[in-house]
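Notes to accompany the following structure.
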Amino acid sequence: MKKFNLMVSKHFILAVTLFWSCKTTNNIATKQDDGSAKEDAPLSYEIIGDKLPIADPYVLYHGDKYYAYGTRVNGFEVYISEDLKHWKRSAHLALSPENSWGTRWYWAPEVYYVASRNRFYMFYSVDEHICVASSNRPEGPFIQQEKTPIVSEKAIDTHLYIDEDGTPYLYYVRFTGGNVIWVAEMNDDLRTIKAETLTKCITAEEPWERKQGTITEGPSVIKHGNMYYLMYSANHFESQDYAVGYATSNSPKGPWKKYNGNPILRRDKPAASGLVGTGHGAPFITADGSYNYIYHAHANMNSIGPRTSYINDMTISEDGVIRISGEATKPVLVK
């Protein structure tokens, strides 16, 4: 088997409102020849929107920039930021429908940089099937080499995890008695799975997971020490009790033991900052090596959509507990 290395390429600002937009400034300090700090001219942003307007969000950190992808249009947009607060929408789609199998329901894209191939891979759902496309740039264009789904059955919510030994695993949701998270090893082409390795991971069984529907979805896997963590969301996304939990295992294939303190993010948790319908997010590594967690929430208490994305700090404690904490960062769009 080929070996793969995955690089998880893991301010209240003064505003001057001008019609529908506003400008903000950030002061940047640089070091002079004598070692003293010198303040550079402030960066200026023209704010054109007060939300990051994507659901099922995912962030890739690569080349000193953050790239955010999510559910919103036919195909997938990409938003680019240097500070996680100010995001600029690319003028071009990261994935256009003409470059993919399927015509509707483009959901939950995730993008990974595979260093051994010097290439970016986008895993996503379209028309309730799972697909993969690739590009030589994080902003795309991503193109599906073979316009066919990864598996023939209906499925959604893909997540790629490449283990330290180079084995690639694909986690995704199958409709087997509800929305159930499964995993399979991938073949070397990163376009097909080894069907004989397909293994059930997580199903909705606990009371917090069954407020509305029998649904677990949006899987993400990270490894800390010798422990694997599978983060997921439960309940129907329309529920205000949509929430995030996790399970642990000593193998990427499980069996998985759910954390007894679940959920770790829900409308009643401090980190939600009063938001409802919090979920289908993903952890990502920031510029300083720490974790953040991006997720979407309902528009407000009375309306599900349009769903928008928020970012919180995420840590793993010395005793191995994941915590999502702090005040939710509310990203803005800039010109």
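All values derive from a computational prediction rather than experimental measurement.
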Can any side-chain N or O of [X] pair as donor or acceptor with the backbone N or O of [Y] at less than 3.5 Å?
| X | Y | result |
| --- | --- | --- |
| T158 | I130 | no |
| N118 | A115 | no |
| T216 | N179 | yes |
| H236 | I215 | no |
| T71 | A108 | yes |
| T214 | A204 | no |
| N312 | A271 | yes |
| S233 | V244 | no |
| H129 | S152 | yes |
| N235 | D241 | yes |

Decide yes or no for [X] and [Y]: does some side-chain heavy atom of the first lie under 4.5 Å from some side-chain heavy atom of the second?
| X | Y | answer |
| --- | --- | --- |
| R267 | L275 | no |
| V132 | I150 | yes |
| Y169 | D163 | yes |
| I143 | S135 | no |
| Y66 | H62 | no |
| L170 | F123 | yes |
| L84 | N292 | yes |
| F237 | I304 | yes |

Side-chain donor-acceptor pair present, [X], [Y], cut-off under 3.5 Å:
| X | Y | value |
| --- | --- | --- |
| H298 | Q240 | no |
| Y106 | D127 | no |
| S81 | D83 | yes |
| T192 | D189 | yes |

Verify same cluster id: V276, I311 (apolar side-chain graph, 4.5 Å):
no
Are V73 and V78 connected in a single hydrophobic cluster, I mean Ile/Leu/Val/Met/Phe/Trp/Tyr linked by side-chain heavy atoms less than 4.5 Å apart?
no
When rounded to the nearest 0.5 angstrom, what is the spacing between [atom1] in [X] and [atom2] in [Y]?
| X | Y | atom1 | atom2 | value |
| --- | --- | --- | --- | --- |
| I181 | Y172 | CD1 | OH | 12.5 Å |
| H159 | E110 | NE2 | CD | 6.0 Å |
| I193 | E185 | CD1 | CD | 10.5 Å |
| S125 | E217 | OG | CD | 10.0 Å |
| M314 | T286 | CE | OG1 | 11.0 Å |
| E139 | I80 | CD | CD1 | 5.5 Å |

Identify every side-chain donor-acceptor pair in residues 319-335 under 3.5 Å, counting partners at least two apart or on other chains, and give the distances.
from : atom 1 : to   : atom 2 : distance (Å)
D319 : OD1    : S317 : OG     : 2.1
R323 : NH1    : S317 : OG     : 3.4

I'd like to know whether NZ of K88 has more than 12 heavy-atom contacts from other residues, nucleotides or ligands below 6.0 angstrom.
no
Should we say atom NZ of K154 is surrounded by more than 12 heavy atoms from elsewhere, each under 6.0 Å from it?
no
How far apart are the closest heavy atoms of [X] and [Y], and which atoms are they?
| X | Y | result |
| --- | --- | --- |
| N74 | T103 | ND2-O, 3.0 Å |
| T278 | A272 | CG2-CB, 4.3 Å |
| P53 | T308 | CA-CG2, 4.1 Å |
| G70 | F76 | O-CD2, 3.4 Å |
| M231 | P283 | SD-CG, 4.0 Å |
| I316 | I222 | CD1-CD1, 3.9 Å |

Does the ring center of [X] lie less than 6.0 Å from the ring center of [Y]?
| X | Y | answer |
| --- | --- | --- |
| Y79 | Y67 | no |
| H296 | Y242 | yes |
| Y112 | Y58 | yes |
| F142 | F120 | no |

What residue pairs, at least two apart or across chains, pass side-chain hydrogen bond (donor to acceptor under 3.5 Å, both in side chains) with a residue in residues 246-255?
none
Do K194 and E196 pass the salt bridge (charged side-chain N to carboxylate O under 4.0 Å, His left out) test, and can you show the C-alpha distance, the side-chain angles, and the key distance before you say yes or no?
CA-CA 6 Å; K194 298 179 179 180; E196 69 276 11; 6.0 Å; no
With under 30° as parallel and over 60° as perpendicular, where do the rings of Y293 and Y295 fit, or are they tilted in between?
parallel
Worked verdict on M186 versus L160 for side chain to side chain contact (heavy atoms under 4.5 Å, CB included):
CA-CA 9 Å; M186 295 205 80; L160 176 69; 3.9 Å; yes
Are L93 and E77 close enough, and set up right, to give a side chain to side chain contact (heavy atoms under 4.5 Å, CB included), and what steps lead you there?
CA-CA 5 Å; L93 291 179; E77 301 166 311; 3.8 Å; yes
Test applied, side-chain hydrogen bond (donor to acceptor under 3.5 Å, both in side chains); reference residue, W182; option that passes from T199, T176, T203:
T176
Apply side-chain hydrogen bond (donor to acceptor under 3.5 Å, both in side chains) to the pair E209 and Y232, showing each step before the final yes or no.
CA-CA 10 Å; E209 299 169 328; Y232 64 96; 2.6 Å; yes
After noting the C-alpha distance and the side-chain angles of K223 and Y161, does the key distance pass the side chain to side chain contact (heavy atoms under 4.5 Å, CB included) rule?
CA-CA 10 Å; K223 187 177 184 183; Y161 177 76; 3.4 Å; yes
Any Lys/Arg nitrogen of R210 or E205 sitting under 4.0 Å from an Asp/Glu carboxylate oxygen of the other?
no
For S100 and Y124: C-alpha separation, side-chain torsions, deciding distance, then whether side-chain hydrogen bond (donor to acceptor under 3.5 Å, both in side chains) applies.
CA-CA 10 Å; S100 172; Y124 59 100; 2.6 Å; yes
Please walk me through it: do I54 and D56 pass side chain to side chain contact (heavy atoms under 4.5 Å, CB included)?
CA-CA 7 Å; I54 52 175; D56 313 326; over 6 Å; no
